[in-house]
Amino acid sequence: KSFLKGDREEMAKKETQEMEILSVYMPAQLSKDEIAASIEKIIGDLKAKGPVNMGLVMKEIMAKLKGKADGKLVSEIVSKALSEKD
């Protein structure tokens with residue numbers, strides 16, 4: 001997108017093509033609902049409650065979802081789920 005802002009359409013096209021090629025080799029990304037379900041299961045298994053257990057849950061979930069989910073999204077979902085379990 002930054003190439004488009006800089007009026008560099010040829011670079012944006014090249015970047016898009018590269019992403020299409022790379023996406024073939026990357027593992028499929030899980031949906032937000034699938035991530036949330038995995039997080040709920042791990043929270044239940046660990047009997048985690050409240051934000052104090054964020055590190056513990058993140059360690060377990062990222063090991064399970066490695067390469068299948070964006071870490072920032074996972075962190076947001078874990079944080080929300082743990083705040084509801086407080």
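Residues take their numbers from the sequence shown, with the count starting at 1.
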Cluster membership besides Y25, Ile/Leu/Val/Met/Phe/Trp/Tyr side chains within less than 4.5 angstrom, sorted by chain and number, is I21, V24
(request) Verify, without hydrogens or angle tests, whether T16 (side chain) and A12 (backbone) share a donor-acceptor contact under 3.5 angstrom. (result) yes
Value for CD (E84) from OG (S79), rounded to nearest 0.5 Å, stands at 10.0 Å
Check: S31 and E34 side chains under 4.5 Å, non-hydrogen atoms = yes
Rounding to 0.5 Å, atoms CD1 (I35) and CD1 (I77) come to a distance of 5.0 Å
Value for CG (L22) from CD (E20), rounded to nearest 0.5 Å, stands at 10.5 Å
query = Looking at side-chain heavy atoms only, is the closest gap between L82 and K49 below 4.5 Å?
reply = no
Shortest non-hydrogen pair, E40 vs A81, comes out as OE2-CB, 3.5 Å
Taken to the nearest 0.5 Å, the spacing of I39 CD1 from K32 NZ works out to 10.0 Å
Residues 56-79 vs salt bridge (charged side-chain N to carboxylate O under 4.0 Å, His left out), sequence neighbours excluded, gives none
What one should report as the nearest heavy-atom pair of I61 and V78 is CG2-CG2, 4.3 Å
Rounding to 0.5 Å, atoms CG (N53) and CD1 (I42) come to a distance of 13.0 Å
In terms of heavy-atom contacts, P27 and G67 come closest through CG-O, 3.2 Å
Here the gap from L65 atom CG to L30 atom CG, rounded to the nearest 0.5 Å, amounts to 6.0 Å
